Amino acid sequence: MRKKNAEQAGKRDESVNAEVQPLLYHLMALRKLLTACVIAVLAGFVVSFYFLCEPLMRFITNPIEARGVSIIYTAVSEALTTQLKVSLVAGVVIVSPFVFYQIWAFVKPALYDNEIRVFRVLFGVALALFLLGVTFCYRYVYGLALNFFLVAGENLATPMLSIDKYVGFLFSFILPFGVVFELPIAIYMATRVGWVDYQKLASWRKFVFFGIFIFAAILTPPDVISQVMLGVPMYVLFELGVQVSRFTKNHRKQS
């Protein structure tokens, strides 16, 4: 009887160890991933601050300085902290391929071969759409927004913009465009999990068209050109997502 109990206890210990060991392995792998990413970001930050900060600040402030507006700072540390923020963002961008590779290496063992192929394609398309959205905003929309705000206030006060608030406004204006341009990816994922399908999306066209241009009117200055320059690409992206959903299989129906 004692021997039987000892054997059962030994089996329980083996099963517990079998469960604990994979968990510890994943926790150690996660710690290694986080440590590598933090070190990489710090290295990118240092490189950006010492070698790229000055040209980056010139590039960022060029749109407003080209319009004859002075950039000032109103606190002793404001200029430095703004440069640190810009350097941190630039550092993250520089080391992002390494960070993404580390994340990919961490999640890849848990994926099937078909999921790996889909993930690779989605990642590449999502990155390209985000960069396209940021570039489009900076090149075509941001200048129109600056002109509107400067003209709106020219009879009230002399514009002298704080460097910290200007950089914050630039980032808060440009980055949402990158997110909005991910619309086809969002539609693909929603179709994949069964939240929407091609027939639903096609029937929503008129409502989406109306909603997109309301959203564009809220996000952009109140002039027709800015609204059209945001609304048209957004609707094109929606139509692209609709066509993607036509050829996307519902994962729930497959299973």
Side-chain angles (χ1 to χ4, degrees), residues 22-65 71-111 115-139 141-142 161-186 188-189:
L23 177 61
L24 292 176
Y25 173 79
H26 291 310
L27 290 176
M28 291 177 63
L30 180 60
R31 184 180 67 176
K32 182 179 178 182
L33 165 67
L34 294 176
T35 302
C37 292
V38 170
I39 293 174
V41 169
L42 288 176
F45 165 75
V46 171
V47 171
S48 299
F49 183 75
Y50 282 102
F51 299 102
L52 301 176
C53 186
E54 185 176 348
L56 282 174
M57 294 304 299
R58 286 200 302 267
F59 177 77
I60 289 173
T61 58
N62 180 67
I64 196 70
E65 290 180 341
I71 298 291
I72 64 173
Y73 61 91
T74 58
V76 174
S77 61
E78 183 177 347
L80 177 61
T81 55
T82 303
Q83 293 179 73
L84 293 175
K85 292 177 184 178
V86 172
S87 299
L88 179 60
V89 173
V92 172
V93 173
I94 290 173
V95 302
S96 58
F98 174 80
V99 172
F100 289 140
Y101 175 78
Q102 292 296 318
I103 297 174
W104 169 249
F106 180 76
V107 302
K108 183 179 178 180
L111 301 177
E115 293 175 334
I116 291 175
R117 291 192 294 269
V118 171
F119 184 87
R120 285 174 176 170
V121 174
L122 284 181
F123 175 77
V125 174
L127 179 60
L129 288 174
F130 181 83
L131 295 177
L132 179 62
V134 170
T135 303
F136 174 81
C137 177
Y138 184 84
R139 180 67 179 83
V141 181
Y142 184 64
L161 303 183
S162 164
I163 182 64
D164 181 63
K165 292 183 178 180
Y166 170 73
V167 171
F169 173 77
L170 173 67
F171 286 162
S172 65
F173 196 90
I174 288 180
L175 293 180
F177 273 74
V179 176
V180 167
F181 270 59
E182 301 293 336
L183 185 59
I185 301 297
Y188 169 81
M189 297 300 297

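Predicted, not measured: the structure shown is a model, and the values here were computed from it. All residue numbers in this chain count up from 1 along the given sequence.
By the 30° and 60° cut-offs, the orientation of the rings of F59 relative to Y138 is parallel. Between W104 and F119, the ring planes are parallel. Angles under 30° get that label, and only those over 60° would be called perpendicular.
Every residue meeting the side chain to side chain donor-acceptor pair (under 3.5 Å) condition with S162, not counting sequence neighbours, appears here in chain and number order: E78. K85 meets the side chain to side chain donor-acceptor pair (under 3.5 Å) test with D164; sequence neighbours excluded.
Minimum heavy-atom separation, L56 to A90: CD1-CB, 3.5 Å. Contact between E182 and A126 at its shortest, heavy atoms only, is OE2-O, 2.6 Å. Nearest heavy-atom pair across G91 and S48 is N-OG, 3.3 Å. For the residue pair A40 and F98, the shortest heavy atom distance occurs at CB-CD2, 3.5 Å.
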With side chain to side chain contact (heavy atoms under 4.5 Å, CB included) as the criterion, how do R120 and I116 come out once you've worked through the C-alpha distance, each side chain's angles and the decisive distance to 0.1 Å? CA-CA 6 Å; R120 285 174 176 170; I116 291 175; 3.7 Å; yes

Could you walk me through whether Y188 and V125 pass side chain to side chain contact (heavy atoms under 4.5 Å, CB included), step by step? CA-CA 12 Å; Y188 169 81; V125 174; over 6 Å; no

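Between the side chain of Y166 and the backbone N or O of I60, at least one donor-acceptor pair lies under 3.5 Å.
Judged as a salt bridge (charged side-chain N to carboxylate O under 4.0 Å, His left out), the pairs with a partner in residues 37-57 (not counting sequence neighbours) are, in order, E54-R58.
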